[in-house]
Amino acid sequence: MELADKAVGFLLSMISLSIFTYYTFWVIILPFVESDHFIHRYFLPQEYAILIPVFAGVGLLSFLCVFIGYVMLKSKKKSS
């Protein structure tokens with residue numbers, strides 16, 4: 001099982017690193033590249049650089065609030 005855990009950890013690290021590199025290049029470097037350069041075909045418009053993290057954060061926060069509420073209600077029923 002130890003090898004499987006290492007493989008999953010490595011895979012998650014590579015996915016996180018690739019997303020971080022893509023987003024960093026998209027937000028920091030791409031605005032300084034001319035708009036007719038071929039590299040712009042591989043990236044979404046700049047508006048999505050803000051919208052995607054905002055919606056992901058709202059979704060995560062909503063999920064956490066629902067989960068915490070569910071756990072609190074479940075623990076209240078157990079103690080009664």
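None of these values were measured; they are calculated from a predicted model.
Under the 4.5 Å side-chain heavy-atom criterion for grouping Ile, Leu, Val, Met, Phe, Trp and Tyr, Leu17 is connected to Phe10 within one hydrophobic cluster. Linking ILVMFWY residues whenever their side-chain heavy atoms come closer than 4.5 Å, directly or via other members, leaves Leu11 and Leu3 in distinct clusters. Tyr42 and Tyr22 fall within the same hydrophobic cluster, defined by Ile, Leu, Val, Met, Phe, Trp and Tyr side-chain heavy atoms under 4.5 Å apart, directly or through other members. A single hydrophobic cluster is seen to contain both Tyr23 and Ile29, as judged by linkage of ILVMFWY side chains at heavy-atom distances under 4.5 Å, directly or through other members. Linking ILVMFWY residues whenever their side-chain heavy atoms come closer than 4.5 Å, directly or via other members, places Leu44 and Ile28 in the same cluster.
For Tyr48, there are no ring pair (Phe, Tyr, Trp, His ring centres under 6.0 Å) partners at least two apart in sequence or on another chain. Residues that satisfy the ring pair (Phe, Tyr, Trp, His ring centres under 6.0 Å) test with Phe55, not counting sequence neighbours, are absent from this structure.
Closest non-hydrogen pair, His40 versus Val33, comes out as NE2-O, 3.4 Å. Residues Ile52 and Trp26 share a closest heavy-atom pair of CD1-CH2, 4.3 Å.
The environment of CE in Met14 is crowded: more than 12 heavy-atom neighbours from other residues, nucleotides or ligands sit within 6.0 Å.
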